[in-house]
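A short worksheet on the structure shown next.
Nothing fancy with the numbering, it's 1 onward along the sequence.
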Amino acid sequence: MISRRRLLAAAATLPLVTAAAGCGRTGAATATTRPLPVPPLAPAVVGADGVRRFGLTAQAGVSEIVPGKSTPTWGYDGAMLGPTLRAHRGETVAVQVHNTLPEPTSVHWHGMHVPADCDGGPHQSVAPGGTWHPQWRIDQPAATLWYHPHPHGSTEKHVYRGLAGLFLLDDADTDRLDLPHDYGVDDIPLVIQDRRLNADGTLDETLTGSFGLLGDTLTVNGINGAHFDATTARVRLRLLNGSASRLFNLGFDDDRHFALIATDGGLIAQPVPLNRIQLSPGERAEIVVDLHSADTATLRAFPVDMRGGIDQPDRFGFDDTFDVLAVRGPARATVLHHEDKGMMGQFLILDPGQQPALADMPPMGDMPMNGMGTHGH
């Protein structure tokens, strides 16, 4: 029998392909969608010692994952998910983690280079009512990282209940590159997960026989059926597969191309034009998509085509299709010009139906390839 680790490792190396028709479940967009909730930036205080200090409280709450149903959930500083932490390379950060949950938990900084005693693994469990004070210096390239619980034997269920958030790192390269960077406006985090709900709205945590919990309800930033109204003609999407076992083969419903600009380890050497990108659990990617006036593009999770010899792909949800997010173009598009051709070049806003010429985008300076998350776990 193929192990979960071997399955995900093999699937992550499969080529990016277009989707084919499958016979699995389909989670199409509902007639009425809700505005995308964007996790707030976590407040921070920089002391006289130069240390950037954050606080996170793990707590229980109630969320409306699907309209009209109340679901007991867990979150950091709220009912579900957590705020986005942000810091710059070279800074020292400290996080006060307080646990108000009825069982021990922890906070692991996924992808972060940290000392062992700050890792947040099972050996740094925080008891109910307890507090943990990790502190470390950030010394790695800019990247989209995330934080989540890592208690022994309970990691999957704690994340499934809602404990997860993003940690964004900036550096000198991101400071100089003219990429979309206005958080919540043209720089949008998307935490993509799957869940199952009981008839009463509670989370169904029953194992399905797959290698982990496999849901039938797709959520983005904690809700099912979301839309985002863009106010700019170019949008950067920071994608996180926050599911326990599901692979996502992501693209847009009209097969438009987008530019891949970063992976787990940070910015890549130059934009890569794609119309599909596959993410395994815990994996991140950053893409830039062009929109035109009155445009609506739906980010969709397509069936996983390359099965690598898996004899029962339905067990892993490979045949399923879900709509993730409807992205609505700005009411009035504007052409933006940039003089530095070593950055992203000229931003071209196209007529409806025209595909962006992303293959012609120049390299993003002379930055080295930062890798594919070799330091994360």
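Looking at heavy atoms from C-beta onward, F302 lies out of side-chain contact with F248 at the 4.5 angstrom threshold. You'll find the side chain of E64 stays beyond 4.5 Å of the side chain of S70, heavy atoms only. Taking 4.5 Å as the limit, every side-chain heavy atom of T71 sits out of range of all side-chain heavy atoms of T202. Between P281 and L247 there is a side-chain heavy-atom pair separated by less than 4.5 Å. By the 4.5 Å heavy-atom criterion applied to side chains, T105 and P149 are counted as neighbours. Annotation: side chain of N198 is not in contact with side chain of L203 (no heavy-atom distance under 4.5 Å). For the pair D173/D175, no side-chain contact is recorded, criterion being any heavy-atom separation below 4.5 Å from C-beta on. The side-chain heavy atoms of S106 and P151, taken from C-beta on, include a pair separated by under 4.5 Å.
No donor-acceptor distance shorter than 3.5 angstrom exists from the side chain of D77 to the backbone of L81, with no hydrogens or angles considered. Between the side chain of D264 and the backbone N or O of R284, at least one donor-acceptor pair lies under 3.5 Å. Between the side chain of Q193 and the main chain of G242, a donor-acceptor pair closer than 3.5 Å is present. Counting only distance, with no hydrogens or angles, the side chain of T232 and the backbone of R234 share a donor-acceptor pair below 3.5 Å. Panel note: side chain D323, backbone A326; no donor-acceptor pair is recorded below 3.5 Å. A distance-only check finds no donor-acceptor pair linking the side chain of Q135 to the backbone of V51 [under 3.5 Å]. Not a single donor-acceptor pair under 3.5 Å links the side chain of D194 to the backbone N or O of L214.
The existence of a salt bridge linking E205 and R196 is excluded, since no basic side-chain nitrogen approaches an acidic carboxylate oxygen closer than 4.0 Å. The existence of a salt bridge linking R53 and D49 is confirmed by a sub-4.0 Å separation between a basic side-chain nitrogen and an acidic carboxylate oxygen. Residues R246 and E283 are not paired through a salt bridge, judged by the lack of any N-O separation under 4.0 Å between the basic side chain and the carboxylate. Salt bridge status for D295 with R256: present, with a side-chain N to carboxylate O gap under 4.0 Å. Salt bridge annotation for R238-D187: present, with a cationic side-chain nitrogen under 4.0 angstrom from a carboxylate oxygen.
Between W109 and W146, the distance from one ring center to the other does not fall under 6.0 angstrom.
A donor-acceptor pair shorter than 3.5 Å can be found between the side chains of E286 and T144. No side-chain N or O of R276 forms a donor-acceptor pair with one of Q278 less than 3.5 Å apart. Side-chain N/O atoms of T57 and H98 include no donor and acceptor closer than 3.5 Å. The closest side-chain donor-acceptor pair between T219 and R195 falls under 3.5 angstrom.
To the nearest 0.5 angstrom, F54 atom CZ is 9.5 Å from Y147 atom OH. If you take CZ on R161 and CD on E156, they are separated by 10.5 Å, rounding to the nearest 0.5 Å. The distance from atom CG of L166 to atom NE2 of H148, rounded to the nearest 0.5 Å, is 11.5 Å. Separation of atoms CG (D253) and OG1 (T298) is listed at 4.0 Å; rounding is to 0.5 Å.
There is a path of hydrophobic side-chain contacts, each under 4.5 Å, that joins I188 to F258. Under a hydrophobic-cluster definition in which Ile, Leu, Val, Met, Phe, Trp and Tyr are linked whenever side-chain heavy atoms come within less than 4.5 Å, directly or via other members, L240 and L213 are assigned to the same cluster. Cluster annotation: I192 is connected to L197 through the hydrophobic network of ILVMFWY side chains, with a link wherever side-chain heavy atoms come within less than 4.5 Å. A continuous path of hydrophobic side-chain contacts links L274 to I287 [ILVMFWY only; heavy atoms under 4.5 Å]. Note on L218 and I277: same hydrophobic cluster, where clusters join Ile, Leu, Val, Met, Phe, Trp and Tyr whose side-chain heavy atoms are under 4.5 Å apart, directly or indirectly.
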Output, in order, the C-alpha distance, side-chain angles, deciding distance and verdict of side-chain hydrogen bond (donor to acceptor under 3.5 Å, both in side chains) for T155 and H150.
-> CA-CA 5 Å; T155 297; H150 212 323; 3.3 Å; yes
Start with the C-alpha distance between R89 and D170, add both sets of side-chain angles, then the distance that settles salt bridge (charged side-chain N to carboxylate O under 4.0 Å, His left out), and finish with yes or no.
-> CA-CA 6 Å; R89 186 174 192 172; D170 300 307; over 6 Å; no
In sequence, state the C-alpha distance, the side-chain angles, and the governing distance for L325 and T33, and then conclude on side chain to side chain contact (heavy atoms under 4.5 Å, CB included).
-> CA-CA 9 Å; L325 175 70; T33 57; over 6 Å; no
Pair L260-T263, side chain to side chain contact (heavy atoms under 4.5 Å, CB included): steps then yes or no = CA-CA 8 Å; L260 174 69; T263 59; 4.3 Å; yes
Would H88 and L169 count as a side chain to side chain contact (heavy atoms under 4.5 Å, CB included) if you check the C-alpha gap in whole Å, the side-chain angles of each, and the deciding distance to 0.1 Å?
-> CA-CA 6 Å; H88 201 279; L169 299 184; over 6 Å; no
When you look at V62 and M80, which way does the side chain to side chain contact (heavy atoms under 4.5 Å, CB included) test go after all the steps?
-> CA-CA 8 Å; V62 177; M80 192 175 186; over 6 Å; no
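Between A142 and T174, the shortest heavy-atom distance links the atoms CB-CG2, 3.4 Å. The two residues I223 and P35 come nearest to each other via the heavy atoms CD1-O, 3.7 Å. Listed here is the closest heavy atom pair of R328 and L291: O-CD1, 4.3 Å. Counting all heavy atoms, side chain and backbone alike, P271 lies closest to A259 at CB-CB, 4.1 Å. When all heavy atoms of I261 and R236 are compared, the pair lying nearest together is CD1-NE, 3.8 Å. P83 and L56 make their closest contact through CG-CD2, 3.8 Å (heavy atoms, listed as atom of the first residue, atom of the second, distance).
Around NE2 of H152, the count of heavy atoms belonging to other residues, nucleotides or ligands within 6.0 Å does not exceed 12.
Evaluation of the ring-ring contact (aromatic ring centres under 6.0 Å, His included) test over residues 158-208, restricted to residues two or more places apart or in two chains, returns W74-H158.
Ring geometry, H110 versus H108: the interplanar angle exceeds 60°, so the pair is classed perpendicular (tilted spans 30 to 60°).
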